[in-house]
Peer 1: 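Shown below is the structure under consideration.
Position 1 is the first residue of the sequence; numbering continues from there. Note that this is a predicted model, so its numbers are computed, not measured.
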Amino acid sequence: MESFRREVREWLSANLVGEFARLRGLGGPGREHEAFEGRLRWHRHLAAHGWTCLGWPGERTIAEQVVFHEEYAEADAPAKVDIVGEGLLGPTLIAFGTPEQKARFLPRIRSLDELWCQGYSEPGAGSDLAGVSTRATLVGEQWVVDGQKIWTSNAHHSDWIFVLCRTEPGSRRHHGLSYLLVPLRQPGVEVRPIRQLTGTSEFNEVFFDGAVTARENVVGQPGEGWKVAMATLGFERGTAMLGHQVGFRRQLDAIAARAPEDERLTRARVELHVMRSHTLRTLSDEPGPEASVLKLFWAGWHRRLGELAMDSLGPESMIDGNEWQRLFLFSRAETIYGGSDEIQREVIAHRILGLPR
């Protein structure tokens with residue numbers, strides 16, 4: 001494994017040069033607006049050299065994925081631009097897609113020729129995924145989609161969206177849902193960026209008003225959308241989280257270098273080690289409810305780190321556009337997106353602890 005680590009490290013060192021060197025450290029949650037076109041070129045460069053989709057079946061071992069994500073973060077390489085297509089939809093299509101869907105979409109995900117976003121959350125449902133009301137009706141050879149999604153990351157940069165919608169009139173909760181692949185660049189789709197506390201707009205509202213997609217662009221059978229959607233969420237948190245934790249450690253070290261040592265800093269260091277240990281412990285298992293433990297842990301930890309940064313650095317942290325101010329403001333969202341803390345606790349209570357509803 002050390003030889004593979006050396007290979008990754010040497011490749012990144014040799015390729016993060018010129019235009020790409022200027023992208024170091026750019027992008028990521030709350031900073032997706034930074035050098036998007038340059039980061040897209042970098043991501044395509046990774047693809048051309050075989051460094052995308054490492055988590056797909058038959059690509060790389062779990063250990064190799066861990067090494068890659070850690071070395072990628074240590075090199076301060078720019079954030080990738082299509083983690084949704086590579087990390088969520090790709091594995092879902094491999095598990096549930098038809099041969100035709102795999103042939104049509106997987107190569108374009110791998111090469112970054114088509115970018116994807118996720119159409120789950122809705123204004124009237126929030127983290128209650130079974131409460132979606134966006135509907136799709138089969139008319140001839142096309143699905144006609146009407147409704148609204150919200151908090152859709154990078155929809156303004158995306159070409160396609162996978163949409164959980166209601167296809168059986170009168171159905172309730174997790175019944176009667178389907179998982180559709182819908183092109184975004186068409187009449188009947190409107191994308192409106194949402195301005196956040198940080199002043200950036202990586203989240204969006206997406207409105208469907210008679211938007212269409214081909215009949216064959218349903219993943220799984222019509223009515224099986226809940227099963228497919230749950231599988232997608234299971235792919236969401238894995239080896240890439242270890243790379244994020246390298247970034248967390250870098251932020252913690254930067255705060256510690258400028259603030260007096262106290263109990264909160266010590267606790268943050270200990271909790272970061274615990275977070276890494278839990279991540280490694282769960283990597284070899286099939287995706288399951290344990291991912292909710294990790295999401296609850298890291299989101300709360302990062303939010304507390306933002307609060308610690310503001311408290312420790314004092315008036316300097318209040319300067320508009322300050323890195324620590326951005327961390328403090330954007331980390332407020334991390335306990336909500338990807339499933340709110342309340343939803344994660346529900347999953348842990350019912351599916352891990354076996355508590356009654």
Peer 1: Could you walk me through whether Cys117 and Leu184 satisfy the side-chain contact (heavy atoms from CB on, under 4.5 Å) test, starting with their C-alpha distance in whole Å, then the side-chain angles of each, then the deciding distance to 0.1 Å, before giving a yes or no?
Peer 2: CA-CA 10 Å; Cys117 59; Leu184 280 173; 3.7 Å; yes

Peer 1: For Gln148 and Glu122, which I'm curious about, is there any donor-acceptor pair between the side chains at under 3.5 Å?
Peer 2: no

Peer 1: Assess whether ring pair (Phe, Tyr, Trp, His ring centres under 6.0 Å) is satisfied between Phe20 and His45, documenting all intermediate values.
Peer 2: CA-CA 10 Å; Phe20 296 145; His45 183 72; 5.2 Å; yes

Peer 1: To the nearest 0.5 Å, tell me how far His43 NE2 sits from Leu112 CG.
Peer 2: 4.5 Å

Peer 1: What orientation do Trp42 and Tyr72 show, parallel under 30°, tilted 30 to 60°, or perpendicular over 60°?
Peer 2: tilted

Peer 1: Should Glu334 and Lys295 be marked as a salt bridge (charged side-chain N to carboxylate O under 4.0 Å, His left out) after you check the CA-CA gap, both sets of side-chain angles, and the distance that decides it?
Peer 2: CA-CA 9 Å; Glu334 293 176 342; Lys295 172 59 168 61; over 6 Å; no

Peer 1: Calculate, to the nearest 0.5 Å, the distance between atoms OG1 and CZ belonging to Thr152 and Arg192 respectively.
Peer 2: 12.5 Å

Peer 1: Below 4.5 Å, heavy atoms only, C-beta onward: do Glu216 and Thr98 meet side chain to side chain?
Peer 2: no

Peer 1: Can you tell if the side chain of Leu305 reaches within under 4.5 Å of the side chain of His302, non-hydrogen atoms only?
Peer 2: yes

Peer 1: Dump the intermediate steps for salt bridge (charged side-chain N to carboxylate O under 4.0 Å, His left out) on Glu323 and Arg31, then the final yes or no.
Peer 2: CA-CA 11 Å; Glu323 174 187 358; Arg31 300 169 59 191; 5.8 Å; no

Peer 1: Is it true that Arg264 and Asp311 have a side-chain N and a carboxylate O under 4.0 angstrom from each other?
Peer 2: yes

Peer 1: If I take atom CD1 from residue Ile161 and atom CG from residue Leu180, how far apart are they, to the nearest 0.5 angstrom?
Peer 2: 11.0 Å

Peer 1: Is the number of heavy atoms from other residues, nucleotides or ligands under 6.0 Å of Asp262 CG greater than 12?
Peer 2: yes

Peer 1: So how far is it from Leu308 CG to Leu252 CG, rounded to the nearest 0.5 Å?
Peer 2: 7.5 Å

Peer 1: Looking at Gly223 and Ser178, what are the two nearest heavy atoms and their distance?
Peer 2: N-OG, 2.9 Å

Peer 1: Can you check whether Arg5 reaches Phe68 side chain to side chain, under 4.5 Å on heavy atoms?
Peer 2: no

Peer 1: How far does SG of Cys53 sit from CD of Glu86, to the nearest 0.5 angstrom?
Peer 2: 4.5 Å

Peer 1: Output, in order, the C-alpha distance, side-chain angles, deciding distance and verdict of side-chain contact (heavy atoms from CB on, under 4.5 Å) for Val81 and Asn154.
Peer 2: CA-CA 9 Å; Val81 300; Asn154 282 338; 6.0 Å; no

Peer 1: Take atom CD1 of Ile83 as the centre, draw a 6.0 Å sphere, and report whether it contains more than 12 heavy atoms from other residues, nucleotides or ligands.
Peer 2: no

Peer 1: In residues 268-277, what donor-acceptor pairs under 3.5 Å come from side-chain atoms, sequence neighbours left out?
Peer 2:
unit_1: Arg269; atom_1: NH1; unit_2: Glu261; atom_2: OE1; d: 3.2
unit_1: Arg269; atom_1: NH1; unit_2: Glu261; atom_2: OE2; d: 2.9
unit_1: Glu271; atom_1: OE1; unit_2: Arg304; atom_2: NH2; d: 3.2
unit_1: Glu271; atom_1: OE2; unit_2: Arg267; atom_2: NE; d: 3.1
unit_1: Arg276; atom_1: NH1; unit_2: Glu70; atom_2: OE2; d: 2.4
unit_1: Arg276; atom_1: NH2; unit_2: Glu70; atom_2: OE2; d: 3.1
unit_1: Ser277; atom_1: OG; unit_2: His273; atom_2: O; d: 3.1

Peer 1: Anything under 30° is parallel, anything over 60° is perpendicular, the rest tilted; go ahead and classify Tyr120 against Tyr179.
Peer 2: perpendicular

Peer 1: Flag the pair Arg39 / Pro78 as yes when at least one side-chain heavy-atom distance between them is below 4.5 Å, and no otherwise.
Peer 2: yes

Peer 1: Once you measure the plane-to-plane angle for Phe105 and Trp116, does it fall in the parallel (<30°), tilted (30-60°) or perpendicular (>60°) bin?
Peer 2: perpendicular

Peer 1: Side chains of Arg166 and Ser171: do they bring a donor and an acceptor to under 3.5 Å?
Peer 2: yes

Peer 1: Check the pair Leu181 / Leu93 against side-chain contact (heavy atoms from CB on, under 4.5 Å), numbers first and verdict last.
Peer 2: CA-CA 11 Å; Leu181 311 178; Leu93 287 177; 4.2 Å; yes

Peer 1: I want to check something: taking the side chain as every heavy atom from C-beta on, are Ser153 and Phe203 in contact at a cut-off of under 4.5 Å?
Peer 2: yes

Peer 1: Checking Val189 against Phe208 for the side-chain contact (heavy atoms from CB on, under 4.5 Å) test, could you report, in this order, the C-alpha distance in whole Å, the side-chain angles of both residues, the deciding distance, and whether it holds?
Peer 2: CA-CA 5 Å; Val189 175; Phe208 303 96; 4.0 Å; yes

Peer 1: Below 4.5 Å, heavy atoms only, C-beta onward: do Trp160 and Leu115 meet side chain to side chain?
Peer 2: no

Peer 1: Between Arg108 and Asp159, does a salt bridge (charged side-chain N to carboxylate O under 4.0 Å, His left out) hold up when you go through it step by step?
Peer 2: CA-CA 11 Å; Arg108 291 171 175 82; Asp159 304 296; over 6 Å; no

Peer 1: On the ring face of Trp151, is Lys149 found with NZ or CZ under 6.0 Å from the centre and within 45° of the axis?
Peer 2: no

Peer 1: With rounding to the nearest 0.5 Å, note down the distance linking CD in Glu114 to OG in Ser158.
Peer 2: 11.0 Å

Peer 1: Can a side-chain donor-acceptor contact be found between Thr335 and Arg303 if the only test is distance below 3.5 angstrom?
Peer 2: yes

Peer 1: How about Trp301: does its CH2 atom have over 12 heavy atoms from other parts shown lying under 6.0 Å from it?
Peer 2: yes

Peer 1: Is the shortest heavy-atom distance from the side chain of Val228 to the side chain of Leu164 under 4.5 Å?
Peer 2: no

Peer 1: Kindly indicate, with the supporting measurements, whether the criterion side chain to side chain donor-acceptor pair (under 3.5 Å) is fulfilled by Thr213 and Asn217.
Peer 2: CA-CA 7 Å; Thr213 192; Asn217 284 343; 3.0 Å; yes

Peer 1: Is it the case that the side chains of Gln245 and Thr279 hold a donor-acceptor pair, with the cut-off being a distance below 3.5 Å and no angle test?
Peer 2: yes

Peer 1: Under 3.5 Å, is there a donor-acceptor pair between the His350 and Glu346 side chains?
Peer 2: yes

Peer 1: Between Trp11 and His49, does the ring centroid distance fall short of 6.0 Å?
Peer 2: yes

Peer 1: How about His157 and Asp82: do any of their side-chain heavy atoms sit closer than 4.5 Å?
Peer 2: no

